[in-house]
Amino acid sequence: MRVTSSLAGRVAAPRLPAGEVRIGGFGGPAGLAAWIREHSVDAVIDATHPFAERISFNAAEAAATAHVPLLALRRPGWVPRAGDVWHEVDSLAGAARLLGAGAPGRPAPLGERVFLTTGRMGLAAFADCPQWFLVRSVDAPEGPMPARTEVLLDRGPFTLEGERELLARHRVDVLVTKDSGGAATAPKLAAAREAGIPVVVVRRPPVPADTATAASPQEAAVWVRELRGGRTRSA
């Protein structure tokens with residue numbers, strides 16, 4: 001079976017999966033549908049990041065246009081546990097407002113030293129926040145960002161011990177993160193829980209509701225095998 005992985009191209013040196021890899025966009029759903037037809041694709045798996053807002057809708061439209069089956073790989077989101085102090089918001093702008101205004105019923109900001117783990121995109125939402133920020137991302141951020149910012153270039157998976165040390169060394173008193181799910185970056189939540197640090201969690205954006213889904217790569221592989229039935233050549 002021939003598999004082609006398509007990467008968005010937003011990371012300078014991505015970890016490449018096995019098999020064929022293409023990097024860059026398709027030109028919207030029409031471009032993706034044309035690519036599917038041109039390459040005789042038999043099935044599409046939407047394995048994009050939970051916060052890649054447009055591509056899931058583009059994939060659904062393109063698969064319907066090209067008349068090929070589509071599976072969305074949606075890893076489960078994080079769930080608060082006993083001891084967590086979470087404040088959930090719908091956007092980065094909402095997170096910035098919460099940092100500035102404080103939690104409901106609390107006049108003071110949530111914290112003065114913010115560990116921001118939402119990636120290098122969207123930092124402009126926090127540009128007017130007065131707090132000190134530790135921004136962790138794979139590549140160096142560009143564009144507007146908070147006036148008091150320290151950038152930490154690093155790539156997961158991260159360990160609980162390492163996250164504990166980082167929070168203590170930088171005297172972090174509030175964590176801001178997106179609900180990306182998965183285990184690679186989850187240790188920061190456990191470290192914040194242990195330290196009693198509040199966490200601002202940005203909820204996931206909406207996705208197409210009528211798409212078949214799988215919760216893990218293993219489930220997606222089963223779907224492909226069942227779909228194959230001696231017919232599938234590429235995905």
- When clusters are formed by joining ILVMFWY residues with side-chain heavy atoms under 4.5 Å apart, either directly or through shared neighbours, do Leu134 and Val199 land in the same one? yes

- CG of Asp210 to CG of Leu70: how many Å apart, nearest 0.5 Å? 9.5 Å

- Atom OG1 in Thr185, atom CD in Glu163: separation rounded to 0.5 Å? 8.5 Å

- Task: Output the distance between atom CE (Met1) and atom CG (Asp42), rounded to the nearest 0.5 Å.
- Result: 10.0 Å

- Sub-4.5 Å side-chain heavy-atom contact between Val224 and Val3: no

- Query: Is any side-chain heavy atom of Phe158 less than 4.5 Å from a side-chain heavy atom of Arg136?
  - Reply: yes

- Task: Output the distance between atom CD (Glu20) and atom OG (Ser6), rounded to the nearest 0.5 Å.
- Result: 12.0 Å

- Task: Answer whether the closest heavy-atom distance between the side chains of Phe126 and Val135 falls below 4.5 Å.
- Result: no

- Message: Side chains of Pro69 and Leu227, heavy atoms from C-beta outward: is any pair under 4.5 Å?
- Response: yes

- Mind listing the closest non-hydrogen atom pair of Glu150 and His170 along with its distance? OE2-CE1, 3.4 Å

- Of the non-hydrogen atoms in Ala214 and Ala220, which two are nearest, and what is the gap between them? CB-N, 3.9 Å

- Message: Count I, L, V, M, F, W, Y as connected when their side-chain heavy atoms are under 4.5 Å apart, and connections chain through other members. Are Phe51 and Leu123 then in the same cluster?
- Response: yes

- Message: Minimum heavy-atom separation for Ala125 and Ala96, please, with both atom names.
- Response: O-CB, 3.2 Å

- Nearest non-hydrogen partners of Ile197 and Val172, listed with the distance: CD1-O, 3.3 Å

- Message: I'd like to know if Arg203 pairs up with Asp90 as an ion pair, taking the criterion as any Lys NZ or Arg NE/NH1/NH2 lying under 4.0 Å from an Asp or Glu carboxylate oxygen.
- Response: yes

- Hydrophobic cluster identity match, Val44 and Phe26, side-chain contacts under 4.5 Å: yes

- Query: With distance as the sole test, does Arg204 use its side chain to make a donor-acceptor pair with the main-chain N or O of Asp179 at under 3.5 Å?
  - Reply: yes

- Message: Set out, in order, the CA-CA distance, both residues' side-chain angles and the distance that settles side-chain contact (heavy atoms from CB on, under 4.5 Å) for Leu160 and Glu194, then state yes or no.
- Response: CA-CA 10 Å; Leu160 177 56; Glu194 291 179 356; 3.9 Å; yes

- Item | Check: Arg22 and Trp35 side chains under 4.5 Å, non-hydrogen atoms | yes

- Message: Quick one: does any side-chain atom of Trp223 pair with a main-chain N or O of Gln218 as donor and acceptor, under 3.5 Å?
- Response: no

- Heavy-atom distance under 4.5 Å between the side chains of Glu61 and Leu32, does that happen here? no

- CG of Leu166 to NZ of Lys188, rounded to nearest 0.5 Å, is 11.0 Å

- Item | Derivation of the side-chain contact (heavy atoms from CB on, under 4.5 Å) call for Leu189 and Thr177 | CA-CA 9 Å; Leu189 300 175; Thr177 187; 4.2 Å; yes

- Query: Would the number of heavy atoms belonging to other residues, nucleotides or ligands and lying under 6.0 Å from CZ of Arg81 be above 12?
  - Reply: no

- How many angstroms lie between atom CZ of Phe133 and atom CG of Leu152, to the nearest 0.5 angstrom? 15.5 Å

- Note on the structure: Partner of Glu112 under side chain to side chain contact (heavy atoms under 4.5 Å, CB included), picked from Asp173, Val174, Leu99, is Asp173

- Search all heavy atoms of Leu167 against all heavy atoms of Ala192 and return the closest pair with its distance. CD1-N, 3.8 Å

- For the pair Asp46 and Arg74, find out whether any cationic side-chain nitrogen is under 4.0 Å from an anionic carboxylate oxygen. yes

- Item | Gln131 vs Pro146 side-chain heavy atoms within contact, under 4.5 Å | no

- Task: Carefully, step by step, assess Ser180 and Arg75 under the rule side-chain contact (heavy atoms from CB on, under 4.5 Å).
- Result: CA-CA 8 Å; Ser180 56; Arg75 59 193 182 202; 3.8 Å; yes

- Item | Heavy-atom side-chain contact between Val114 and Val200 under 4.5 Å | no

- Consider only side-chain heavy atoms of I, L, V, M, F, W and Y, link residues closer than 4.5 Å, and tell whether Val176 and Met145 are in one cluster. yes

- Cluster link Ile23 to Val138, ILVMFWY, side chain under 4.5 Å: no

- Message: Testing Leu73, Leu7, Ile55 one by one against Thr48 for a side chain to side chain contact (heavy atoms under 4.5 Å, CB included), which residue passes?
- Response: Ile55

- State, to 0.1 Å, how close Pro157 and Arg15 come at their nearest heavy-atom pair, and which atoms those are. CD-NH1, 4.0 Å

- Does CG in Asp128 sit with more than 12 non-hydrogen atoms of other residues, nucleotides or ligands closer than 6.0 Å? no

